[in-house]
Amino acid sequence: QGPMSQGSGMMGAEETPCVYVANAGSNSVSVIDTANNKLLDTNSNTAGVQSISVGAVPNALALDAAGRLYVANRGSNTVSVINTGNYSVINTLAVGSQPAALALGAAGRLYVANAGSGTVSVIDTATNTVGANPIPVGPAPTSIAVSPDGKFAYVANGNDSVSVIDTATSAVVGTVAFDSDASGGHAVAVTPAGTVYVTDAADRVVRVLAPPSAAATRVTEIGNVAVTGYPVGAVLSGDGSRALIVTGPDPLQFTGSTRLAVVNTATGAQVGATITLAGKPTAPVLSADGRRATLTVTNAGATQAIVIDLATGTQVTSPLVGLTAGAAGNRSVTTTVDGGSIHVAVIDTGTGNQVGTTVTLTGSLGLTAYSTDGNRVVVTAIDAGSTHVAAINLDTGTLPGVIFTLPGVWDIPLVGQNYTAPLLTADGSRALLSSAVTDPITGTPSTRIAVVNTLTGAQTGTTLTLPGEQFGSRLVSLDGSR
C-alpha cells in the first residue's frame, strides 16, 4: 500500500512490481514478481530459489519511500532492515519484546508495537537508530497506524483500548477504552480523511473512533449528574449522544436498590428521571442498533430483565424474568438459574416484550454462543455427566427442534488466534461441539467431535473420536463450512 501503510505479513512495492512476504516458519522474506507471479531468487550464489534470511518469526513489514523494507521479528525482538535493490540485510535493530506491528510516520520515523513489553519503539530511519525510551502503552499491543498528517499514532492494545501517541513529543496523550470485555484480536487503520477504524475479533465488529483533529488532550467538565450507589456499569448509545449509568448496592450486601440514569453527553444533563428498582443489577448490554440497553436486577430470588430507551431515558415496558443478558441484533437473551434448571427467554429490545416461550434445560449453564447473522443462539447445560444442547431461533424465541443430549461434558470450541469466536456456521444452522475424554485406566486422552443441526436439534453425522488432546488455534473457513 505504499510508504505510509501499516505493517503486516505481506507488503507490495510501488516502484517495482514485487510483493514481499514474511515467512514466520522459515525466518525469511520471500519476494514475488507480480508481473509473472513467480518467486524471485534473492541470492544467485546459492542453489535454488532463495529468500532473504532475517530474524526469528518475522510477522510484520513496512516499506519506505527509499525502498528499504523493515521486518519485525517477533521471535528475536529485532527489526531487520533490507535494501530491496540487492535484497541484502543492511542492519538489525534491537527493539522491545515481541514486535508485532510496524507503521511509518512523518520525519522518517518508524513506530514498532511491542506486544510482549507493552511499548512502542521509535526508529529514526535516516540513521537506523532506536530511541532510548520506548513509549509505554496498553498491554499486548498488536497493531499501530499513523494519522495522515503524521501528528498521531494509534496503538490497538489487547485489553480493548487504543493508546493515542503525540508523535511530536512521543508521549501518550489519551487512551480510549472502547469495550468492557477487555479481550479480542484488534487491528487499527486510519483513512486519508483521518477516520480511525478498530477491529474487534471477540465481538466481530469494527469500531469508528474520533479523527486526529478531535483527539482530546485534556478533560473539561460540561455537566454533573448525581446517582446514588456503587457504580456497576455504563454504556453509550450507538451515536454517542447518550450514556446509561447503572449503580447498585454495596457489593457485599445481598439487598439494596438499583438506580439507572441516562445522560446527554453533549450537554452533561440528565435525560428523564432516575429509575429506581429493588435488587442488585448486572452490567447493561447495548442493543445492536445502539438505541436501547438491557440489564437484569435480582431481588429476593426473583430476577427482572429491564429494557431502557436511551433517547428518552425511560423504561420501555414492565420487567421480564431473566438473570444475565446478552445482545444479538434487536434481541436480548436472558437466562435464569433456578436450582438445577436453566430458563432461557428472548426479549424484543424494541418493545421490551418477551418473544416466544421460555426454554428450560436441566443442569448448570455451559457456553452460550451466537451465530454470525444473529438469528440463532446455542445454549449448553451440563447435567450429571451429560450435555444438553438447545438451539433457539431469536426471531421467534422458539426451539425449532428438540433439546439434544450428548453423553459426557461438551462445549463449543473457540476459534482463532485469541480463542474468541464460537465455532458456528455463519447462518447458525450448525454448531460444532467437542469433548475431552481421558481413559480412566491408561490415562490416554482423546477428543470427541460432534456437529449439531440447530434447525432440527438433531446430530448431523456421527461422533468422531480423535486421539490426543485439543491444542492450538481452532481455524474455520470464511464461509463457516469447514
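Taking CG of L260 as the start and CG of L295 as the end, the distance is 5.5 Å to the nearest 0.5 Å. From N86, atom CG reaches atom CD1 of I90 across 8.5 Å, with rounding to the nearest 0.5 Å. For the atom pair CG (D41) and OG1 (T46), the distance works out to 8.0 Å, reported to the nearest 0.5 Å. Here the straight-line distance linking atom CG of D124 with atom CZ of R109 works out to 8.0 Å at 0.5 Å rounding. One finds the CZ atom of R292 at 4.5 Å from the CG atom of D309 (value rounded to the nearest 0.5 Å). In this structure, CD1 on I52 lies 4.0 Å from CD1 on I82, to the nearest 0.5 angstrom.
A donor-acceptor pair under 3.5 Å links the side-chain atoms of T84 to the main chain of G67, judged by distance alone. Side-chain atoms of T125 come within 3.5 Å of backbone atoms of G108 as a donor-acceptor pair (strictly under, hydrogens ignored). With H186 contributing its side chain and T142 its backbone, the two residues share no donor-acceptor pair below 3.5 Å. A donor-acceptor contact shorter than 3.5 Å is absent between the side chain of S121 and the backbone of P134. Here the side chain of T247 pairs no donor or acceptor atom with the backbone of Y230 at under 3.5 angstrom. Side chain of T42 to backbone of Q50: a donor-acceptor contact under 3.5 angstrom is found. Proximity of a side-chain donor or acceptor of S446 to a complementary backbone N or O of L466 within less than 3.5 Å is not detected.
R74 and N59 get closest at one heavy-atom pair: CB-ND2, 3.6 Å. Considering all non-hydrogen atoms of both residues, G85 and N83 come closest at N-OD1, 2.8 Å. Residues T447 and G468 share a closest heavy-atom pair of OG1-O, 2.8 Å. In plain terms, the two heavy atoms of V190 and P148 that are nearest each other are CG1-CD, 3.6 Å. Nearest heavy atom pair, residue I347 against residue V355, reads C-CG2, 4.4 Å. The nearest pair of heavy atoms linking A113 to V120 is CA-CG2, 4.3 Å.
V137 places a side-chain heavy atom less than 4.5 Å from the side chain of I165. For the pair I135/T119, no side-chain contact is recorded, criterion being any heavy-atom separation below 4.5 Å from C-beta on. Side-chain contact between L61 and L69 is present, with at least one heavy-atom pair separated by less than 4.5 Å. Using a 4.5 Å cut-off on side-chain heavy atoms (C-beta onward), F152 and V173 make contact. Taking the side chain as every heavy atom from C-beta outward, I392 and V346 approach each other to under 4.5 Å. Residues R242 and V263 have side chains not in contact (no heavy-atom distance under 4.5 Å, counting atoms from C-beta outward). The shortest side-chain heavy-atom distance between Y87 and V31 falls under the 4.5 Å cut-off. Residues L236 and T265 form a side-chain contact, since some pair of their non-hydrogen atoms from C-beta on lies under 4.5 Å apart.
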#### Entry: S51 vs S30, side chain to side chain donor-acceptor pair (under 3.5 Å): CA-CA, chis, key distance, verdict
CA-CA 5 Å; S51 297; S30 295; 3.0 Å; yes

### Task
Test Q98 against V57 for side chain to side chain contact (heavy atoms under 4.5 Å, CB included), laying out the working first.
CA-CA 9 Å; Q98 300 180 20; V57 196; over 6 Å; no

### Stepwise side chain to side chain contact (heavy atoms under 4.5 Å, CB included) test for V71 and V79
CA-CA 5 Å; V71 186; V79 170; 5.8 Å; no

### Query
Between Y70 and D64, does a side chain to side chain contact (heavy atoms under 4.5 Å, CB included) hold up when you go through it step by step?
CA-CA 8 Å; Y70 297 87; D64 71 8; 3.4 Å; yes

### Message
With side chain to side chain contact (heavy atoms under 4.5 Å, CB included) as the criterion, how do V162 and V155 come out once you've worked through the C-alpha distance, each side chain's angles and the decisive distance to 0.1 Å?
### Response
CA-CA 5 Å; V162 171; V155 185; 5.7 Å; no

### Query
Between S53 and N27, does a side chain to side chain donor-acceptor pair (under 3.5 Å) hold up when you go through it step by step?
CA-CA 6 Å; S53 296; N27 302 330; over 6 Å; no

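The closest side-chain donor-acceptor pair between S241 and N264, if any, does not fall under 3.5 angstrom. Checked by atom type, the side-chain pair N73/T78 shows a donor-acceptor distance below 3.5 Å. Residues S28 and N23 have side chains that bring a donor and an acceptor to within less than 3.5 angstrom of each other.
Ion pairing between a basic and an acidic side chain is recognised when a charged N comes within 4.0 Å of a carboxylate O; D33 and K38 show no such pairing.
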